[in-house]
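We use all heavy atoms of the structure for the numbers below, so side chains are in, but hydrogens, waters and symmetry mates are not.
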2 protein chains.
Amino acid sequence: MKNKITISDIAKELGIAPATVSRALSNHPEISASTKKKVKAVAERLDYMPNKIASSLRSGKTKVIGVLIPTAEHLFFGSVIHGISNLASQHGYDVLIYQSNESEAFEKKGIDTFIGARVDGILVSISKNTTNFSHFKSVKEKNIPIAFFDRTNDDLEISSVCIDDYSGAFMATESLIKSGYKSIAHISGPQHIKAFSERIRGYKAALEQYNILFDANLIYSGDISIEAGRKGATYFLNLENKPDAIFAVEDFTALGVLKELKEREIQVPDAFGVIGFCNDLFGEHITPSLSTVDQKTVQMGEEVFHLIYELISKKGEKTNHQKRILTPTLITRESSKKS
Amino acid sequence: MKNKITISDIAKELGIAPATVSRALSNHPEISASTKKKVKAVAERLDYMPNKIASSLRSGKTKVIGVLIPTAEHLFFGSVIHGISNLASQHGYDVLIYQSNESEAFEKKGIDTFIGARVDGILVSISKNTTNFSHFKSVKEKNIPIAFFDRTNDDLEISSVCIDDYSGAFMATESLIKSGYKSIAHISGPQHIKAFSERIRGYKAALEQYNILFDANLIYSGDISIEAGRKGATYFLNLENKPDAIFAVEDFTALGVLKELKEREIQVPDAFGVIGFCNDLFGEHITPSLSTVDQKTVQMGEEVFHLIYELISKKGEKTNHQKRILTPTLITRESSKKS
DNA sequence: CTGTTAGCGCATTCAT
DNA sequence: ATGAATGCGCTAACAG
């Protein structure tokens, strides 16, 4: 049978007012220790479960944050949610999940769901295919706290957490240079995604810092797929001036590179260096193991929860949006260790 | 500014009763088409967003299901959630996520959170360390629909979806036999987890079916870690009667086996066969690629949503609990393909 | 320190 | 076909 014990049941049982029970339960300072004790005892005995719905309706706060992700089927987002969710629990917040499946229409639906559920705050990693951002603007206009993580948009003036792709790419490229590779190529991703254009920037900056002339032939435009890696590697190896190392925009791309090199019996890392980006799980276990750049997923989740938590607390006050940028970590494994 | 439009705002605007607006909005059959049209037009114009909290409080239904997982930081659970969440959206349900982090105490907290939130149903994958199951019993007693997935418990008489570990293990072992390996060993996981004991059962059954004598020396008790795989392999290779193939309880265990074999320069698959269980992402990309058994994660999520959906619909009626068992799929890759 | 009163926004009886 | 009244369970303002 469903638990139907309410605050007034407890009140009747003790011959006091429901309001007193409410206050006792929430440790209101003006309630005597003795009544608190009595109330809590009865609550315990009757197995009272506070009705959060009623409380939310009355107080206007749900203690729920909505998290909108492209898909739960990527470990990346799972890790971020791990970070968000653990911190949320600690602070008494529940986490509502919605997947956009990379569709703008579903993304809008997700936002509507969150608004309908009257969540206290919204966390979003923008869908790849979103081109119209009005749904985010309207969240902002409704004065609902919102923050982006990983997939952000600078035009909207919404707070965000992401990693420093520029410096990650810089580190990756630099590590290749320092390992002794002489000519470093880059397989890039779709440039309308900021993370990827930043990685090209970082790549170029590292070359410049070490006085290596940038060569446009050493950039191959691909995407984050194994196939792009294979094609990129093939392209570079047919060049007159072949590079001897590749910084790939993403681990799967790097994986494609490794596969292609293996088929051509080019020795990694001695004859050719490879580094990826993402620190996907498999990189540690392939042969040769893949050097890469770690994206601090769990920390990103924690950071973005802190952000929304602040936004919720300071609601009403005018605050400028802020960008938090996490510094990625270089992970050097076999694929870039020239002996 | 926050959206404060309510049904009475719409009612005033049109000079009708709030109740009529409520009915019009929910397409009540006794409302004239013309009023419905007018009401919806005004709702649209004012950007009315129904308050789900108020609706829930009134109706006693939240259209939320709580999903309790050990951790979001494993792709396995992410995939299941993917399946659950997509179907939930389709059916108008929201998904609340809680992580137990494999702790019984957090698991209890999660259940309390869900009860407090008055979710319409609860989906759980039990924590590894849970030994006392009273919190699940009390959910059942409160008549809140609940179902387990993957990590289930048969004693509680709660509906569940999991895969057929027995037949998965059978298939894995059988494929090794059919590939021509003569002596097949098994690295097992903690036996108090049913999935793992079932896998031993499937292993033994396959041996029996092919008239291979079971040898207790060919079972190594480990866990699902790379280290267990290495230790298991080491143990087997020191045996007088060495096996020539290993069925590992999990992909990471199998990975450990592969690493150990590689160090000892034992050729896989020609001199030694290996198969895992789980179909983790990395298996496809290591060398040699890992044969394994796929667990149908997304389908599991969909299936368990269907289960809870039924349970919610038939609430009140007495129904027996049911177990749905998904058939896993054998994935044959290089590590078990003897030429 | 505690009780009284009121109402959050909606859905549902019972009228008409 | 629509309106009026009621209350889901809780919290907050105001009394006292």
Would you call the rings of B:Tyr98 and B:Phe114 parallel, tilted or perpendicular, taking 30° and 60° as the class edges?
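Aromatic pair B:Tyr98/B:Phe114 classed perpendicular.
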
Could you check whether the rings of A:Tyr93 and A:Tyr309 sit parallel, tilted or perpendicular, using 30° and 60° as the cut-offs?
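Rings of A:Tyr93 and A:Tyr309: perpendicular, over 60°.
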
Looking only at atom types and distance, does a side-chain atom of B:Lys108 sit under 3.5 Å from a main-chain N or O of B:Ser134, one as donor and one as acceptor?
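Flag not set: sc B:Lys108 to bb B:Ser134 has no pair under 3.5 Å.
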
Candidate nucleotides D:dG9, D:dA12, C:dC10, ranked by approach to the side chain of B:Thr6 - the nearest:
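Of all the options, the side chain of B:Thr6 is nearest to C:dC10.
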
B:Ala19 side chain, from C-beta outward: closest of C:dC10, C:dT12, C:dG9:
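Comparing C:dC10, C:dT12, C:dG9 against the side chain of B:Ala19, the answer is C:dT12.
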
So, OP1 or OP2 of [N]: does either fall under 4.0 Å of a side-chain N or O from [X]?
X	N	answer
A:Ser56	C:dC8	no
A:Thr35	C:dT2	yes
B:Thr20	D:dG3	yes
B:Ser22	C:dA11	yes
B:Tyr48	C:dC10	yes
B:Ser55	C:dA11	yes
A:Ser32	C:dT2	yes

For B:Pro18, which contact category applies under a 4.0 Å heavy-atom criterion: base, sugar-phosphate, or nothing?
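No contact.
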
Which part of the nucleic acid does A:Ile16 contact within heavy-atom distance under 4.0 Å: base, sugar-phosphate only, or nothing?
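A:Ile16: backbone/sugar contact only, no base atoms under 4.0 Å.
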
Tell me which of B:Lys52 and B:Arg23 sits closer to the 5' end of DNA chain C, going by the nucleotide each one is nearest to.
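Residue closer to the 5' terminus by nearest nucleotide: B:Lys52.
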
Can you find an N or O donor on one side and an acceptor on the other, under 3.5 Å apart, linking the side chain of B:Arg58 with the base of C:dT13?
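Flag unset: no donor-acceptor pair detected.
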
Within a reach of under 6.0 Å around NE2 of B:His74, are more than 12 heavy atoms found that belong to other residues, nucleotides or ligands?
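No, the 6.0 Å shell around NE2 holds no more than 12 heavy atoms from other groups.
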
d([atom1], [X]; [atom2], [N]) in whole Å:
X	N	atom1	atom2	value
B:Lys63	C:dA11	NZ	P	13 Å
A:Glu30	D:dA15	CD	P	15 Å
B:Arg118	D:dC8	CZ	P	14 Å
A:Lys37	C:dC1	NZ	C1'	18 Å
B:Ile10	C:dA11	CD1	P	11 Å
B:His28	D:dA1	NE2	P	9 Å
B:Ile31	C:dA11	CD1	P	13 Å
A:Lys61	C:dG9	NZ	P	14 Å

Determine, for A:Asp154 against A:Lys323, whether the closest basic-nitrogen to carboxylate-oxygen distance falls under 4.0 angstrom.
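A salt bridge links A:Asp154 with A:Lys323.
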
A:Leu57 or B:Ala33: which one's nearest nucleotide on DNA chain D is closer to the 5' end?
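Looking at DNA chain D, the more 5' nearest nucleotide goes with B:Ala33.
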
Single hit among A:Thr297, A:Leu326, A:Ile325 for side chain to side chain contact (heavy atoms under 4.5 Å, CB included) with A:Ile163:
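Looking at A:Thr297, A:Leu326, A:Ile325, the match for A:Ile163 under the side chain to side chain contact (heavy atoms under 4.5 Å, CB included) is A:Leu326.
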
